[in-house]
Structures are given as structure tokens and as C-alpha cells.
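Given the structure is predicted, the values throughout are model-derived calculations rather than measurements.
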Amino acid sequence: QVQLVESGGGSVQAGGSLRLSCAASGYTFSHYCMAWFRQAPGQEREGVAYIDSDGSTTYADSVKGRFAISKDNAKDTLYLQMNSLKPEDTAMYYCAADLGKSSRCHERLWIFSTVFWGQGTQVAVSS
């Protein structure tokens, strides 16, 4: 079965960096859309970064220039490098895979039965 396991979260001061990882299994990792979402307390889940099967990337305006999504198809692992972190980046971060799409991933609604989620990893940024 499809499994997504995030790691790398933690507490950091503003201006610091973290790298999140997501180990995927149970499907052909390289073929499909992958993404990072986040959800802060009392707020809706929002898409942070998306990566197509061909490696094309798209970012939310709030993280553009600070975050970088990447993947290692040989290791079936998705990454999110987060630099210049701000207190407003504090949230639970989730890895997601959409096994129904491979391109233009940022246009997907990410609500279909083909979407799978990890359990999340907490990121806390203090000022």
C-alpha cells in the first residue's frame, strides 16, 4: 500500500533553516505529482510547493525564494529545503502524492481518492 513518512521537522529560530524529507513506498514514485502542504492551528491546509514527474516546480507566493522542493527518484524520497524561516511558517507540514496526475500538479485540487498523505511533521519557528 502507499505510504508516505515525513521527517526533519523541529524547532528553529527565525532566519534558520530546516530540511524536511518524505520517504515514499508502495507505488512508482517518479511517475506522479508530489507536494508539500502545511496547516497551522485554526487555519486551512495550504499547498506550499509542488513538483511534477518531470521535476518542474511551483511554489506558493508566501515561500517563493525561501523554500525549495526536490526529489530523488532513486531513493523514492521527496525533500523540502526551508531557508530564512519566519514565525508564520510554523505549522504541521504534510507530504502528499497524487497517483492520478503527473503534470501541472499545482493546478490539482488534491482532494480526490488518488491523493495520499503522510502523517505530518511539526515545524516551529520562534522570533
Side-chain angles (χ1 to χ4, degrees):
Q1 71 277 25
V2 175
Q3 284 194 322
L4 301 170
V5 180
E6 301 98 333
S7 61
S11 297
V12 65
Q13 288 192 326
S17 298
L18 285 172
R19 187 174 85 153
L20 306 184
S21 298
C22 172
S25 61
Y27 70 102
T28 306
F29 176 80
S30 63
H31 287 188
Y32 302 105
C33 288
M34 296 293 297
W36 288 97
F37 286 74
R38 67 185 181 187
Q39 187 168 21
Q43 298 187 19
E44 293 187 355
R45 187 174 296 186
E46 64 167 338
V48 173
Y50 306 83
I51 187 164
D52 294 1
S53 60
D54 67 356
S56 300
T57 58
T58 307
Y59 298 92
D61 288 343
S62 58
V63 307
K64 204 170 292 183
R66 300 188 298 121
F67 289 12
I69 187 172
S70 63
K71 60 177 181 168
D72 186 333
N73 290 334
K75 296 182 178 179
D76 290 354
T77 302
L78 180 73
Y79 302 100
L80 184 67
Q81 178 66 45
M82 304 187 295
N83 299 325
S84 302
L85 283 161
K86 304 176 180 180
E88 51 263 43
D89 295 319
T90 296
M92 185 72 80
Y93 283 72
Y94 298 91
C95 166
D98 188 346
L99 274 56
K101 196 163 175 69
S102 62
S103 62
R104 306 182 73 85
C105 303
H106 61 288
E107 296 179 354
R108 192 70 159 167
L109 290 179
W110 294 82
I111 61 173
F112 300 106
S113 60
T114 55
V115 177
F116 295 85
W117 298 89
Q119 83 289 350
T121 185
Q122 181 69 44
V123 171
V125 184
S126 58
S127 58

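Distance check, rounded to the nearest 0.5 Å: OG of S103 to CG of D52 gives 6.0 Å. Within the model, atoms NE2 of H106 and SG of C33 stand 10.0 Å from one another, a figure rounded to the nearest 0.5 Å. Taking CG of D98 as the reference point, atom OG of S113 lies at 9.0 Å (rounded to 0.5 Å). Atom-to-atom distance recorded for Y94:OH and C22:SG is 13.0 Å, nearest 0.5 angstrom. To the nearest 0.5 Å, the span separating OG on S53 from CZ on F29 amounts to 11.0 Å.
Within the 3.5 Å criterion, the main-chain N or O of A91 finds no donor-acceptor partner in the side chain of Q39. A donor-acceptor distance shorter than 3.5 angstrom exists from the side chain of T90 to the backbone of V125, with no hydrogens or angles considered.
In this structure, F37 and Y50 have perpendicular ring planes: the angle between them is above 60°, well past the 30° mark.
Within 6.0 Å of atom CD in E107, more than 12 heavy atoms from other residues, nucleotides or ligands are found, so the atom counts as buried in its surroundings.
The pair D89-K86 fails the salt-bridge criterion, with no side-chain N (NZ, NE, NH1 or NH2) lying under 4.0 Å from an Asp/Glu carboxylate O.
Q81 and S17 make their closest contact through NE2-CB, 4.0 Å (heavy atoms, listed as atom of the first residue, atom of the second, distance). Residues K71 and S30 share a closest heavy-atom pair of NZ-O, 3.6 Å. Nearest heavy atom pair, residue S21 against residue T77, reads CB-CG2, 4.3 Å. Residues S62 and R38 share a closest heavy-atom pair of OG-NH2, 3.4 Å. Nearest heavy atoms, P87 versus S127: CG-CB, 3.8 Å. For A97 against W110, the heavy-atom pair with the smallest separation is C-CZ3, 3.7 Å.
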**OP:** Any chance you could lay out the side chain to side chain contact (heavy atoms under 4.5 Å, CB included) test for S25 and Q3, step after step, and finish with the verdict?
**Re:** CA-CA 5 Å; S25 61; Q3 284 194 322; 3.5 Å; yes
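Criterion: ILVMFWY side-chain heavy atoms under 4.5 Å apart, direct or through other members. Under it, F116 and I51 are part of a common hydrophobic cluster. Linking ILVMFWY side-chain heavy atoms closer than 4.5 Å, directly or via other members, places M34 and V63 in a single hydrophobic cluster. Note on L20 and I69: same hydrophobic cluster, where clusters join Ile, Leu, Val, Met, Phe, Trp and Tyr whose side-chain heavy atoms are under 4.5 Å apart, directly or indirectly. Under the 4.5 Å side-chain heavy-atom criterion for ILVMFWY residues, no single connected hydrophobic cluster contains both F112 and V2. A continuous path of ILVMFWY side-chain contacts below 4.5 Å connects Y59 to W36, so both sit in one hydrophobic cluster.
Test L80, N83, T57 against F67 for side-chain contact (heavy atoms from CB on, under 4.5 Å) and you get one pass: L80.
No side-chain heavy atom of E6 sits less than 4.5 Å from a side-chain heavy atom of Y93. By the 4.5 Å heavy-atom criterion applied to side chains, V48 and M82 are not counted as neighbours.
For the pair R45 and W117, the cation-pi test (distance below 6.0 Å, angle within 45°) is passed.
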